[in-house]
Structures are given as structure tokens and as C-alpha cells.
Amino acid sequence: DWSSDVCSSDLPEERTAKIETRYGKLLNKTVEEVRMRASVVQVFNQQLERVIPFVDLNVRDQSQRIGARLKSIRHLVLMKVKSTLMDTALRATANRGHHRQPNISINRYQAQQSKEQGCVTPDTSKCSFVQVFQQMYNKIKWSALRSSEKVFRVTYAGGLGELGIDAGGPYRETMTEVCTDLFSDVLDLFIPSPNTKDERGQTRDRYVPNPDYTSPNAIKMYEFVGVWVGLSFRTKANLPLIAGGVLGFFALMRVDIGLL
């Protein structure tokens with residue numbers, strides 16, 4: 001029984017605000033009570049794993065259907081069950097045809113100059129995210145990106161004319177840089193949430209869409225962030241936006257798995 005591995009030393013001793021928020025209802029429970037609850041969750045997930053492929057999860061949260069009830073207790077569903085469901089959906093929508101890999105050129109000198117000049121808006125920034133967006137949006141079919149393999153080639157250009165040819169490293173760097181730009185001072189497409197700025201309450205590491213940006217170009221950029229989320233899922237890349245960042249934003253949207 002895996003729950004027997006839980007011991008008193010595993011339980012937090014210092015009650016910080018984060019611990020109170022996440023584990024507050026368990027802090028006054030005995031180790032045996034925690035083990036029992038863990039066992040119930042484990043058994044529930046073992047049974048759920050067998051039937052969840054047959055449950056319609058594309059339902060309104062206010063619905064009385066099983067899918068809506070299940071979504072209301074999503075915090076009790078273990079990652080193993082969620083990952084299995086996601087992997088099945090990604091395989092079913094994967095593009096098995098052959099597509100020519102587009103070449104993406106990143107000018108790091110231009111990106112640095114943009115940062116030093118304080119050009120951080122979607123229309124003025126030349127950061128890596130904006131450069132990739134301009135070269136990919138409406139230039140290639142999103143269906144060509146539904147692959148677990150590398151879907152584009154990268155060339156780096158610097159201020160002194162140096163070049164970096166993609167042998168695997170630049171591709172991974174670009175995947176990460178595009179996400180890092182979203183949560184840095186080079187682009188304000190997303191801004192720290194009120195809790196992040198005030199350092200109080202829950203989700204202090206989250207970013208939210210900048211309410212000042214509602215232009216067609218900005219909306220396209222938000223859509224492109226969703227495409228990058230899809231790339232991250234399909235390539236199993238450990239990108240910053242998956243670790244915290246903007247996932248809360250996409251949880252509020254009905255994102256078609258076919259676009260990922």
C-alpha cells in the first residue's frame with residue numbers, strides 16, 4: 001500500500017500562507033487519517049482510469065452530467081490519469097503526413113536593441129516571441145505543427161554577423177526563449193496578476209493578459225501563445241509557461257485540442 005509511505009516527517013511543520021492554502025484542511029489530521037484519504041483518492045483514480053475515455057468532458061460546468069461533476073473535482077484526479085487522457089487525445093489528432101520544416105531566423109542583436117530601447121509593446125518589440133510570431137502566423141498551417149518531432153529549423157543571427165545553425169540546440173533554446181519573453185521585461189503582452197504584484201493570496205506566480213491590448217494583432221499573438229502551449233504538450237518540452245505562467249488563462253477558454 002503506497003499510502004503507508006506517508007509518515008509524520010512528510011507533513012510540513014511550518015505553516016506558511018502557501019501551505020495553509022494548499023494543505024490547511026490536512027494539517028490538523030493524524031497521519032492515519034491522511035493515509036486513509038490518500039488511499040481513497042488512489043482507489044478512485046484506479047476506477048476512473050478505466051472509464052474516463054467514455055466520459056464527455058466537453059460540457060458546461062453548471063451541467064448535471066457526469067463530465068461536469070468530474071470537472072468539479074479535477075483536483076482529486078491524479079496526474080497519471082490526466083496525462084494518459086491527454087496523450088490519447090494528442091495521438092488521435094497528430095499529423096502523420098510529411099510537411100516541410102519552415103526555417104525561423106532569430107536576430108538576437110535586434111532583440112537586445114529592442115529591450116534596451118524599451119520597446120515592449122506587441123507592435124514595437126522585436127523580442128524572440130515577436131520575431132517567431134511574425135514568421136509563423138498565417139505563414140504555415142497549424143496542422144503541420146501537430147507532431148511530437150521538431151517542426152521547424154532555426155538560424156540565429158547576431159550583431160557581428162555570426163550565425164548559429166540548428167543542430168538541435170538552437171531549436172530547444174528558441175522553444176524556451178519564446179516562452180521566457182512572455183514573462184519578462186521585453187514584452188508586456190502578459191502582466192503579473194494582482195496577487196503576484198501584491199505578494200498575497202493564491203497563485204502568486206501567475207500572469208494575466210494585458211487588458212490594454214485588444215487590437216487584432218494582439219489577439220493573434222494570444223492565439224499564437226496557445227499554439228506554443230500545444231507545441232509544448234506535443235513535444236513534452238518543459239517550458240516556463242507550462243510550469244506556471246499562463247495556463248490559468250487557457251483554462252478559462254474552450255481550446256480545441258485539434259489546434260494544439
Side-chain angles (χ1 to χ4, degrees), residues 1-94 146 148 179 193 195-196 201-207 226 229-260:
D1 183 358
W2 69 275
S3 64
S4 62
D5 295 334
V6 177
C7 62
S8 58
S9 61
D10 295 325
L11 303 178
E13 297 180 358
E14 182 182 358
R15 295 196 177 189
T16 64
K18 184 175 182 179
I19 290 176
E20 286 283 359
T21 299
R22 185 171 297 180
Y23 307 110
K25 294 183 179 180
L26 294 177
L27 292 177
N28 295 322
K29 303 296 182 182
T30 66
V31 172
E32 287 303 319
E33 289 175 321
V34 173
R35 287 176 178 167
M36 180 62 69
R37 289 168 183 247
S39 295
V40 171
V41 171
Q42 176 74 354
V43 171
F44 167 71
N45 277 268
Q46 289 174 344
Q47 301 301 317
L48 177 63
E49 191 171 15
R50 302 175 182 176
V51 301
I52 196 170
F54 306 102
V55 178
D56 181 11
L57 299 175
N58 190 27
V59 293
R60 293 181 293 103
D61 291 345
Q62 296 79 13
S63 170
Q64 296 301 310
R65 300 176 65 178
I66 295 178
R69 297 288 185 88
L70 183 59
K71 288 165 66 177
S72 69
I73 57 170
R74 60 172 66 91
H75 57 285
L76 297 177
V77 181
L78 299 181
M79 185 56 65
K80 177 178 180 292
V81 177
K82 295 177 180 178
S83 297
T84 299
L85 188 65
M86 176 63 77
D87 289 343
T88 300
L90 293 179
R91 284 194 301 270
T93 56
R146 299 178 196 164
S148 59
C179 296
S193 68
N195 285 0
T196 300
Q202 303 182 43
T203 60
R204 302 184 193 183
D205 58 346
R206 299 296 190 266
Y207 283 68
V229 171
L231 275 177
S232 177
F233 275 120
R234 288 192 182 277
T235 60
K236 300 186 183 303
N238 186 22
L239 300 182
L241 62 82
I242 299 301
V246 300
L247 277 189
F249 164 60
F250 290 101
L252 299 176
M253 303 173 64
R254 304 288 186 183
V255 179
D256 186 347
I257 190 67
L259 293 176
L260 297 182

CE on M86 to CZ on R91, rounded to 0.5 Å: 12.0 Å

Taking every non-hydrogen atom, the tightest pair across R146 and T93: CD-O, 3.3 Å

Backbone of V59 reached by a side-chain donor or acceptor of R65 within 3.5 Å: no

L70 side chain near L48 side chain, heavy-atom distance below 4.5 Å: yes

Going by atom type alone, with no hydrogens or angles, which donor-acceptor pairs under 3.5 Å involve a side-chain atom of residues 75-84 and a protein atom two or more places apart or on another chain?
unit_1, atom_1, unit_2, atom_2, d
K80, NZ, E49, OE1, 3.2
K80, NZ, E49, OE2, 2.8
K82, NZ, R74, O, 3.2
S83, OG, M79, O, 2.9
T84, OG1, K80, O, 2.9

Pairwise distance CD1(I66) to NZ(K71) - rounded to 0.5 angstrom: 14.0 Å

Nearest heavy atoms of S63 and A68, plus distance in Å: O-CB, 3.2 Å

For R37, all residues meeting side-chain hydrogen bond (donor to acceptor under 3.5 Å, both in side chains), sequence neighbours excluded: none

Qualifying residues under side chain to side chain contact (heavy atoms under 4.5 Å, CB included), relative to Q64, sequence neighbours excluded: R69

Residues which pass side-chain hydrogen bond (donor to acceptor under 3.5 Å, both in side chains) with Q47, listed by chain and number, not counting sequence neighbours: none

Atom pair CD/OG1 of E33 and T30 - distance to nearest 0.5 Å: 3.5 Å

Point-to-point distance, once rounded to the nearest 0.5 Å, from CG of N45 to CZ of R50: 12.0 Å

